[in-house]
Every structure is written in C-alpha cells, then in structure tokens.
Undergrad: 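One structure coming up, written as structure tokens, with questions to follow.
If you read the sequence from its start, that first residue is 1, and numbering goes on from there. None of these values were measured; they are calculated from a predicted model. FYI, side chains are in, hydrogens and waters are out, and symmetry mates aren't considered; it's all heavy atoms of this structure.
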Amino acid sequence: MKLIRTVEAMQAEADGARRAGRRLALVPTMGALHEAHLALVREARHHADHLTVSIFVNPTQFAPGEDFDRYPRTLEADLEKLEALGGVEVVFAPDERAMYPGGQAAHRTWVVVQGLDEHLCGRFRPGHFRGVATVVAKLFLACKPHVAVFGLKDAQQFLILRRMVHDLNFDVEMVGVPTVREPDGLALSSRNVYLTPEERAQAVVLSRAVEEARRLAGAGEQRVTLLVEAMRRALAEAPLARVQYAEVVDAETLQPVDLLQPGREALAAVAVFFGNTRLIDNAFIRVPPG
Ligand code: PAF
C-alpha cells in the first residue's frame with residue numbers, strides 16, 4: 001500500500017495505472033475510519049482493480065464554530081486498518097497546503113450545485129456542500145477514478161455529488177453504499193465517539209424515527225405531515241436530543257413534498273444534536289407506481 005501526499009504524485013500514479021489498463025476506484029474519506037468506511041472499501045473492490053482511499057479533513061466544508069479543529073485525526077490507525085483489510089493500492093493523504101495552496105482565502109474556484117442544498121443539512125450548514133463538491137471535484141481530478149464509492153448515510157451529499165458528476169460531465173461512476181448500523185440501529189459515524197454513554201443510548205431514536213416514516217409509507221400513508229409528526233414523536237423519546245430538522249423531501253430534487261407520489265422516491269431525514277454532537281440519519285422511501 002503506497003502513501004501519497006501530493007496531487008502531482010497522485011496524478012502520476014493514476015496515469016500509470018490507467019495506462020496499464022487498470023480500473024480505478026476512489027473511496028473519499030476524512031479518516032477516523034470505522035466499519036462503515038471499510039464497507040465502502042469492500043464495495044469498491046467489486047468495481048475496480050486499483051483502489052485509492054483518500055484521507056483529508058476538508059476545512060472548506062466546515063463552517064466557523066463547527067468541529068473542524070476537534071475532528072478526529074487518526075492517520076496511523078487508519079493506515080493499519082486499511083493494511084489489515086487488504087486490497088488498497090494507494091492511500092492519498094494530502095495536507096491542507098497540497099489541496100489548497102495559498103490557503104482557503106486564496107482559493108477562487110468553487111463548485112456549487114444549485115437548488116439541492118436548500119433543505120435538510122444545507123439549510124443549516126451554509127457553504128457545507130460547496131466545500132464538499134469542490135473538494136470531491138479536486139479529489140476526482142487528482143485520483144482520476146473510473147468509479148467513486150460513498151456512504152448513503154450522507155444521502156444529501158451523495159445526491160448533490162451525483163448531480164455534479166452529471167452536470168460537469170465527470171466520467172466517474174457513482175456508487176452509493178447503504179448505511180452501516182450498530183446492532184441497535186445507530187448509524188456508524190466518526191462523530192459517535194463524542195457521545196457520552198447516556199447520549200449514545202438515546203441516539204437510537206434517529207434510526208427509529210426514519211424507520212417509522214418508512215414503515216408508515218409502506219403501510220400506504222402518503223401524507224408527509226403525518227410522516228414528519230411520527231418522526232418527531234420518535235425523536236421526542238430521547239430527552240437529551242435537540243432536533244434540528246425532521247423532513248421528507250423528493251429524493252431527486254431534494255425539495256419538500258406534501259404527498260408521496262407513486263413511482264417516485266422520497267427521502268426521510270433527521271438531524272439531531274446531543275450536546276455539541278450533531279448526528280444525522282435518513283431512509284429512502286420508494287413508493288410503488290400505481
Ligand atoms: O463524507 C465525507 O467523509 C466527506 O464529506 C468527503 C466526501 C470525503 C469530502 O470531504
């Protein structure tokens with residue numbers, strides 16, 4: 001497994017692999033790797049024979065006051081996990097200067113996917129998806145993958161990046177991997193380490209809430225206000241939870257809907273604070289046609 005630190009060295013590695021006829025996959029991460037990241041790596045192996053995992057805590061997707069400074073940085077442990085898993089050709093771990101020469105303030109080119117960031121996390125994290133889309137575009141241009149693999153826990157991120165790939169003609173196949181969960185349903189997240197034992201126990205309400213929306217929809221309920229009420233009732237079971245949002249949106253436009261439409265997919269999503277720790281979860285709701 002090679003550790004590559006600069007964009008130029010990464011591009012040379014990718015060019016060489018492409019010339020040798022390899023199919024390249026990229027799993028972009030911010031490190032602090034856990035089982036859900038390893039699931040992305042395992043999935044990537046099915047799509048390619050040259051696998052790069054990028055590890056970069058991207059400053060431009062954190063707003064002032066968010067957890068950029070305290071975000072866990074565990075490169076040594078991450079490398080050990082990937083080595084033990086096997087099948088990873090390259091870890092691309094640039095530092096901030098390599099990705100943003102001259103610093104963030106000197107950066108002038110941004111990727112904005114308009115309209116898809118007005119709801120859910122985008123409403124509460126201004127600039128977040130601009131930072132994500134920009135860094136992922138830069139990672140694509142550095143790592144030159146044929147296929148890129150992302151977790152669907154960050155569903156809005158995946159849908160925005162898929163739209164960016166479509167609109168900017170990136171020749172990259174986008175693969176989304178279902179959320180990996182603890183036995184009680186809590187979605188795995190690098191931020192779960194911040195939770196106290198009491199918060200951790202109560203955090204199970206996120207998955208219960210989105211599952212409740214899916215259950216009701218499966219039972220034929222089409223009225224979104226009732227799905228949202230049910231999600232809020234489930235979240236209210238956790239006295240330590242502060243709900244930021246509980247919404248149901250169209251899974252393609254990411255705009256709110258009043259009624260689930262047959263044949264269309266919707267996304268039930270929640271964001272909840274426990275203390276300063278913000279957790280998200282979601283469930284795709286497929287409404288059968290007719
Ligand atoms: O999902 C993440 O870990 C990050 O948002 C990503 C896609 C690696 C971009 O920094």
Undergrad: Can you name the closest pair of heavy atoms from A133 and L161 and give their distance?
TA: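 Scanning both residues, the minimum pair turns out to be CA-CD2, 3.8 Å.
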
Undergrad: Minimum heavy-atom separation for R278 and R191, please, with both atom names.
TA: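 Nearest pair, atom of R278 first, then R191: O-CD, 3.8 Å.
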
Undergrad: Counting only heavy atoms not in R163, do more than 12 fall under 6.0 Å of its CZ?
TA: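 Incorrect, the count does not exceed 12.
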
Undergrad: Just checking, R70 and Y194: is the charged tip under 6.0 Å from the six-membered ring centre and within 45° of the axis?
TA: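 Yes, a cation-pi geometry holds between R70 and Y194.
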
Undergrad: Hey, quick one: are L168 and L141 part of the same hydrophobic cluster, counting side-chain heavy atoms closer than 4.5 Å, chains of contacts allowed?
TA: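 Linked within one cluster.
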
Undergrad: Would you give the length of the straight line joining atom CD of E83 to atom CG of L3, rounded to the nearest 0.5 angstrom?
TA: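 Reported to 0.5 Å precision, the distance equals 10.5 Å.
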
Undergrad: Ignoring hydrogens and angles, tell me if any N or O in the side chain of Q156 forms a donor-acceptor pair with the backbone of H119 under 3.5 Å.
TA: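 Yes; judged by distance alone, with no hydrogens or angles, the pair exists.
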
Undergrad: Measure the CE-CD distance between M99 and Q104 for me, rounded to the nearest 0.5 Å.
TA: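 The CD atom of Q104 is 12.0 Å from CE of M99, to the nearest 0.5 Å.
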
Undergrad: Can you find a heavy atom in the side chain of I160 that is under 4.5 Å from one in the side chain of V132?
TA: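 I160 vs V132: side chains apart.
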
Undergrad: Same cluster for M174 and F129 if Ile/Leu/Val/Met/Phe/Trp/Tyr side chains link at under 4.5 Å?
TA: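 Yes, because M174 and F129 connect within a single hydrophobic cluster, where side-chain heavy atoms sit under 4.5 Å apart.
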
Undergrad: For the pair W110 and H107, name the ring-plane relationship: parallel under 30°, tilted 30 to 60°, perpendicular over 60°.
TA: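 W110 and H107: perpendicular rings.
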
Undergrad: State plainly whether the residues R232 and E229 are in salt-bridge range, i.e. N to O under 4.0 Å.
TA: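 Looking at R232 and E229, the cut-off is not met.
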
Undergrad: Carefully, step by step, assess I55 and F92 under the rule side-chain contact (heavy atoms from CB on, under 4.5 Å).
TA: CA-CA 6 Å; I55 297 181; F92 177 48; over 6 Å; no

Undergrad: Show the nearest heavy-atom pair for residues A142 and A14, with the distance to one decimal.
TA: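 That closest heavy-atom pairing would be O-CB, 4.4 Å.
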
Undergrad: Please lay out, stage by stage, how M30 and Q61 fare under the test side-chain contact (heavy atoms from CB on, under 4.5 Å).
TA: CA-CA 11 Å; M30 298 206 299; Q61 68 190 74; 3.7 Å; yes

Undergrad: Does F68 have R73 sitting over its ring (NZ/CZ under 6.0 Å from centre, angle to axis within 45°)?
TA: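 Checked: cation-pi criterion met.
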
Undergrad: Can you tell me if CD on E198 sees more than 12 non-hydrogen neighbours from other groups inside 6.0 Å?
TA: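 At most 12 heavy atoms, drawn from other residues, nucleotides or ligands, come within 6.0 Å of this atom.
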
Undergrad: Before giving the answer on side-chain contact (heavy atoms from CB on, under 4.5 Å), spell out for V27 and L51 the whole-Å C-alpha distance, their side-chain angles and the decisive distance to 0.1 Å.
TA: CA-CA 8 Å; V27 177; L51 177 50; 4.0 Å; yes

Undergrad: V205 and I280: same hydrophobic cluster, using ILVMFWY side-chain contacts below 4.5 Å?
TA: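 Result: no, two separate clusters.
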
Undergrad: For the side chain of T74 and the backbone of A77, is there at least one donor-acceptor N/O pair under 3.5 Å apart?
TA: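 Here the side-chain-to-backbone pair does not exist.
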
Undergrad: Checking the side chain of D49 only, and the main-chain atoms of A25 only, is there a donor and an acceptor separated by less than 3.5 Å?
TA: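 Not a single qualifying donor-acceptor pair exists.
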
Undergrad: Any donor-acceptor pair under 3.5 Å linking the side chain of R45 with the backbone of G86?
TA: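 Checked: pair present.
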
Undergrad: Kindly compute the distance separating CZ (R264) from CG (L259), expressed to the nearest 0.5 Å.
TA: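 Taking CZ in R264 and CG in L259, the distance rounds to 13.5 Å.
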
Undergrad: If only atom types and distance count, is the side chain of D250 paired as donor or acceptor with the main-chain N or O of T253 below 3.5 Å?
TA: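 At least one qualifying donor-acceptor pair exists.
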
Undergrad: So which heavy atom on F274 is nearest to which on L195, and how close?
TA: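 The answer is CB-CD2, 3.9 Å.
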
Undergrad: So do L79 and V91 actually touch side chain to side chain, heavy atoms under 4.5 Å?
TA: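 Side chain of V91 against side chain of L79, heavy atoms only: contact under 4.5 Å found.
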
Undergrad: Side-chain contact test, heavy atoms from C-beta onward, threshold under 4.5 Å: evaluate it for V204 versus R208 and give yes or no.
TA: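 Contact flag for V204/R208 side chains = yes.
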
Undergrad: side-chain contact (heavy atoms from CB on, under 4.5 Å) between V175 and V147: does it pass, once the steps are laid out?
TA: CA-CA 7 Å; V175 173; V147 51; 3.6 Å; yes

Undergrad: Roughly how far, to the nearest 0.5 Å, is CG of L38 from CG of L85?
TA: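 Separation between the atoms: 5.5 Å.
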
Undergrad: Hey, could you give me the CD/CZ distance between Q244 and F273, rounded to the nearest 0.5 Å?
TA: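 Here the interatomic distance stands at 4.5 Å.
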
Undergrad: Are M1 and L33 in one and the same hydrophobic cluster, where Ile, Leu, Val, Met, Phe, Trp and Tyr link if side-chain heavy atoms are under 4.5 Å apart?
TA: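 Result: yes, single cluster for both.
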
Undergrad: Any side-chain to backbone donor/acceptor pair from H47 onto A44? Under 3.5 Å, distance only.
TA: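 Here the side-chain-to-backbone pair does not exist.
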
Undergrad: Should we count CZ of R42 as having more than 12 external heavy atoms under 6.0 Å?
TA: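 Yes, CZ of R42 has more than 12 neighbouring heavy atoms, counting only those of other groups under 6.0 Å.
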
Undergrad: Taking the side chain as C-beta and beyond, is there a heavy-atom pair between E252 and L159 under 4.5 Å?
TA: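 Of all side-chain heavy-atom pairs linking L159 with E252, none is under 4.5 Å.
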
Undergrad: In terms of side-chain heavy atoms, does D95 have a donor or acceptor partner in Y100 at a distance below 3.5 Å?
TA: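 Absent: no donor and acceptor within the cut-off.
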
Undergrad: Can you find a heavy atom in the side chain of M231 that is under 4.5 Å from one in the side chain of E247?
TA: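 Sidechains of E247 and M231: no contact.
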
Undergrad: Are L40 and F150 grouped together when hydrophobic residues (ILVMFWY) are joined by side-chain heavy atoms under 4.5 angstrom apart?
TA: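 As far as the 4.5 Å side-chain criterion goes, F150 and L40 are not connected within one cluster.
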
Undergrad: Does H146 reach the main-chain N or O of R23 with its side chain, forming a donor-acceptor pair under 3.5 Å?
TA: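 Answer holds: no.
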
Undergrad: Pick one: which of L120, D281, L279 meets side-chain contact (heavy atoms from CB on, under 4.5 Å) with V270?
TA: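 Exactly one option meets the side-chain contact (heavy atoms from CB on, under 4.5 Å) with V270, and it is D281.
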
Undergrad: Can you give me the closest heavy-atom contact between R108 and A105, atom names plus distance?
TA: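 Nearest heavy atoms, R108 then A105: NH1-O, 3.1 Å.
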
Undergrad: Over all heavy atoms of both residues, which pair between S207 and R181 is shortest? Give the atoms and the distance, please.
TA: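 Minimum heavy-atom contact is CB-NH1, 3.5 Å.
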
Undergrad: With a 4.5 Å cut-off on side-chain heavy atoms, are L186 and R200 touching?
TA: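 They are in contact (side-chain heavy atoms under 4.5 Å apart), so the answer is yes.
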
Undergrad: Answer whether the closest heavy-atom distance between the side chains of S54 and L26 falls below 4.5 Å.
TA: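 Counting from C-beta outward, S54 and L26 do come under 4.5 Å.
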
Undergrad: Using only atom types and a distance under 3.5 Å, with no angle test, would you say the side chain of E199 pairs donor to acceptor with the backbone of T196?
TA: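 At least one qualifying donor-acceptor pair exists.
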
Undergrad: For the pair N192 (side chain) and A187 (backbone), establish whether a donor and an acceptor sit closer than 3.5 Å, ignoring hydrogens and angles.
TA: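 Confirmed, N192 side chain pairs with A187 backbone.
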
Undergrad: Does the side chain of H50 pick up a donor-acceptor pair with the side chain of E13 at under 3.5 Å?
TA: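 Short answer, yes.
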
Undergrad: Do the non-hydrogen side-chain atoms of I285 and L260 ever get within less than 4.5 Å of each other?
TA: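 SC-SC contact between I285 and L260 confirmed.
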
Undergrad: Nearest 0.5 Å, please: how far is CD in E221 from CG in L226?
TA: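 Spacing of CG (L226) from CD (E221) equals 4.5 Å.
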
Undergrad: Using a strict 4.0 Å threshold on nitrogen-to-oxygen distance, state whether E89 and R22 make a salt bridge.
TA: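 Here E89 pairs with R22 in a salt bridge, since their nearest N and O are under 4.0 Å apart.
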
Undergrad: Can a donor-acceptor pair be found, under 3.5 Å and without considering hydrogens, that links the side chain of E66 to the backbone of A63?
TA: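 Side chain of E66 to backbone of A63, a donor-acceptor pair under 3.5 Å: yes, one is there.
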
